[in-house]
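Take a look at the structure below.
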Amino acid sequence: GNAAPQENPALVISVFIGFIAVLLVVYLNRRAERIKQELEARLEREQKQHQDDAMITALAVDYQSVFYVDLGKDEGICYRSNEDLCLGLKKGDVFPFHEKIVQYANTYVAEADRPGFLKFIEPNNICMKLREKSLLSYRYLALREDGRAYYEMLRVVEVNLQEEGSEMDVQTVSVGIADVDGETREAMAKSRTLSEALRQAESASSAKTSFLSTMSHQIRTPMNAIIGLNNLALKEPGLSEHTREYLEKIDSSAKHLLSLINDILSLRRIESGRLPIRREKFSLCEMVSQVNDIIKEQCQDKGLKYECRIVEEVGDVYLGDAIKLKQVIINILDNAIKFTHAPGTISFIVEAVAQSEDNAILRFDMKDTGVGMDKELLSEIFNVFAKDSEQRADEYGSTGLGIAISKMIVEKMNGKLEAESEKGVGSTFSVTVPLKIVKSGMEDTTDEADYMTAGAQRADLAGRLVLLVEDMTVNAEVTRELLRIRDVEVEHAENGQIAVDLFNKSELGTYAAILMDVRMPVMDGIEATKAIRAMERPDAKSIPIIAMTAQAFEEDVQRSLEAGMTAHLSKPVEPDKLFEVLETLIEA
């Protein structure tokens with residue numbers, strides 16, 4: 001047979017040594033890689049720790065106590081501490097964070113602030129809040145053993161994040177306690193100062209409003225007598241032409257004075273923000289017709305031509321403040337008449353400059369061929385204190401307040417009032433306002449106080465008995481004489497209590513209506529109206545009670561209506577308006 005091959009010992013040993021060498025190289029390489037990774041990790045940890053230490057050290061400058069806290073382990077390390085304030089902790093102490101901070105709260109935090117403090121330092125709450133913002137703070141009142149109380153601030157700053165997906169994202173935080181007593185008390189002092197200033201401002205505003213209301217009442221009350229008695233005097237038979245001319249001039253001057261008073265009061269109310277804009281259903285055609293009735297007569301008296309045109313695209317029924325819109329239009333047209341000499345022309349044009357299915361922007365153009373204005377005056381026309389107003393007031397009997405007030409009202413309606421003018425040629429004022437279109441079948445939002453319903457049957461006033469409640473003898477006499485013109489019988493009560501007693505003792509249907517003053521001694525008109533409406537008799541709820549008062553502000557009107565009054569007339573009362581209200585409200 002063949003002999004077995006002879007093994008070469010040297011070759012075997014050489015191969016074995018080579019194999020061992022390869023294994024050793026692999027091992028050494030892996031060992032070196034692990035050592036490198038460990039060194040890098042240690043370096044990173046040391047660098048991170050150095051950064052954390054630097055940050056905490058920086059925080060410690062402004063904080064009396066600073067702790068490094070591992071929320072996951074509930075472990076804190078004290079970096080800086082005021083031993084008297086933080087339960088004996090010293091720098092370097094390791095402690096159970098939550099237990100210690102709760103102990104701190106129960107020892108030092110004021111009882112009122114303690115529940116909020118304990119909720120704030122809950123680890124889960126800290127983690128949740130730090131996801132939203134990187135700095136959390138809680139201010140509280142701290143109490144010391146010596147009885148002192150001062151404000152501290154606990155702040156929590158995020159230091160490290162766990163890897164995404166861990167149960168508690170935020171792992172480590174810095175917790176600092178700072179003394180903020182000085183700045184807190186300074187802020188509180190400023191807050192109290194501001195609160196007191198606000199209280200005084202509100203008190204001053206309330207006093208101003210009360211003053212305006214009183215001023216309105218005090219001025220309108222004698223004006224009611226002046227205008228009322230003058231109207232009665234004008235109706236006297238056999239007046240000489242000179243006497244009639246004097247009386248007519250008194251009437252004109254009194255009404256001008258009343259207009260000026262109204263403008264001043266309106267201006268103050270607008271500036272104080274107490275001029276509400278109503279939102280009610282109204283007929284544009286009816287409003288324009290009312291404007292025409294007033295302006296056409298004034299133009300005829302002065303020998304002016306009056307033109308009114310409504311462009312076809314304009315609808316009829318809108319939601320808005322028709323009363324104030326009409327006030328603005330009449331004010332501007334009245335102003336145009338004052339500054340236009342005969343033979344001249346006053347034009348009033350209404351058109352829709354834009355509209356959609358639900359909304360419209362209407363423009364009202366008021367044009368005149370009057371004296372006009374130069375550019376300098378035109379730039380000042382909307383200024384309440386225009387420098388040319390004194391001269392124009394002397395020459396034309398106009399202060400210019402009405403135009404400034406009109407602009408303020410229009411702007412409160414989210415509209416615009418603009419003017420163009422040329423001296424010696426004339427002026428054009430344009431009012432542009434947005435209004436909501438009322439479609440057929442749309443809910444009627446007209447204010448309940450709109451008692452002048454179209455087509456209402458008018459009552460005959462002759463022989464009807466009216467209870468007049470008025471504490472001012474001269475005003476009662478004026479109203480009595482006005483009512484006698486239409487053969488209305490009057491019974492007079494000097495205050496609300498007398499009126500309540502008279503109505504309560506009267507037979508059903510004795511009084512056709514009650515004319516109720518508001519400000520009176522013993523019992524005012526508001527309380528008297530409530531007392532009458534509360535009576536258990538059929539006519540107590542239905543009898544028309546009409547406020548006739550010098551309180552003319554819208555809140556006064558609202559207060560009257562809320563008390564149960566049917567309507568509100570402001571003094572001085574226009575006779576035609578009084579008769580119209582009585583004819584409409586009294587059962588025919």
Side-chain angles (χ1 to χ4, degrees), residues 277 280-373 375 377-378 381-382 396 398 400 402-438:
I277 299 298
E280 58 188 14
K281 179 179 174 182
F282 73 95
S283 166
L284 180 67
C285 292
E286 184 177 338
M287 186 197 77
V288 171
S289 177
Q290 293 169 355
V291 171
N292 289 342
D293 289 342
I294 296 170
I295 300 303
K296 190 183 297 182
E297 183 176 350
Q298 293 182 18
C299 287
Q300 288 174 350
D301 291 344
K302 197 171 179 181
L304 303 175
K305 180 182 178 182
Y306 177 65
E307 302 173 340
C308 177
R309 179 166 59 91
I310 300 179
V311 179
E312 293 180 359
E313 291 80 7
V314 176
D316 183 34
V317 186
Y318 295 91
L319 284 182
D321 196 327
I323 294 175
K324 290 189 180 63
L325 184 57
K326 182 170 67 174
Q327 173 189 346
V328 167
I329 293 169
I330 291 176
N331 201 344
I332 295 172
L333 288 171
D334 182 62
N335 214 52
I337 293 171
K338 287 178 183 176
F339 292 98
T340 304
H341 301 298
T345 301
I346 306 295
S347 301
F348 177 34
I349 303 168
V350 184
E351 65 176 316
V353 294
Q355 59 183 348
S356 62
E357 185 178 353
D358 299 317
N359 300 284
I361 298 177
L362 300 188
R363 188 173 71 207
F364 303 85
D365 288 333
M366 284 69 70
K367 301 181 179 181
D368 65 68
T369 58
V371 297
M373 295 170 279
K375 290 183 179 180
L377 179 57
L378 185 60
I381 191 65
F382 297 121
Y396 296 100
S398 172
I403 296 298
I405 291 170
S406 295
K407 181 176 175 63
M408 294 178 183
I409 293 174
V410 170
E411 287 176 348
K412 285 185 71 70
M413 294 178 177
N414 298 317
K416 292 191 302 183
L417 173 54
E418 300 170 304
E420 296 178 359
S421 186
E422 185 177 346
K423 198 169 184 66
V425 177
S427 305
T428 299
F429 286 82
S430 297
V431 173
T432 308
V433 291
L435 296 170
K436 187 173 181 63
I437 298 171
V438 177

Hey, could you give me the [atom1]/[atom2] distance between [X] and [Y], rounded to the nearest 0.5 Å?
X: C299; Y: I294; atom1: SG; atom2: CD1; answer: 12.0 Å
X: M413; Y: T432; atom1: CE; atom2: OG1; answer: 12.5 Å
X: E420; Y: S427; atom1: CD; atom2: OG; answer: 10.0 Å
X: L417; Y: I403; atom1: CG; atom2: CD1; answer: 6.5 Å
X: D368; Y: T340; atom1: CG; atom2: OG1; answer: 4.0 Å
X: M287; Y: I323; atom1: CE; atom2: CD1; answer: 11.5 Å

What residues form a side-chain contact (heavy atoms from CB on, under 4.5 Å) with [X], not counting sequence neighbours?
X: D358; value: K436, K439
X: A352; value: V314, Q355, L362
X: V288; value: L284, N292, C308, I310, F348, V350
X: K423; value: D374

Give me the atom names and distance for the closest heavy-atom approach of [X] to [Y].
X: T369; Y: G344; answer: OG1-CA, 3.4 Å
X: V431; Y: V433; answer: CG1-CG1, 4.0 Å
X: L378; Y: A419; answer: CD1-CB, 3.8 Å
X: A342; Y: G303; answer: CB-O, 3.5 Å

Donor-acceptor pair, K302 side chain versus I337 backbone, under 3.5 Å? yes

Kindly write out the residues that satisfy side chain to side chain donor-acceptor pair (under 3.5 Å) with [X], not counting sequence neighbours, or none if the list is empty.
X: T345; answer: none
X: T428; answer: none
X: D365; answer: R363, S430
X: D316; answer: S283

For the residue pair [X] and [Y], establish whether any side-chain heavy-atom pair is separated by less than 4.5 Å.
X: L333; Y: F364; value: no
X: I295; Y: Y306; value: yes
X: N335; Y: M366; value: no
X: I437; Y: Y318; value: yes

Just to verify, what does [X] make a salt bridge (Lys or Arg N to Asp or Glu O under 4.0 Å) with, not counting sequence neighbours?
X: E297; result: none
X: E422; result: none
X: K416; result: E418

Carefully, step by step, assess N331 and F429 under the rule side-chain contact (heavy atoms from CB on, under 4.5 Å). CA-CA 11 Å; N331 201 344; F429 286 82; over 6 Å; no

Hey, is E307 close enough to R309 for a salt bridge, meaning N to O under 4.0 Å?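 Salt bridge between E307 and R309, a charged N being under 4.0 Å from a carboxylate O: no.
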
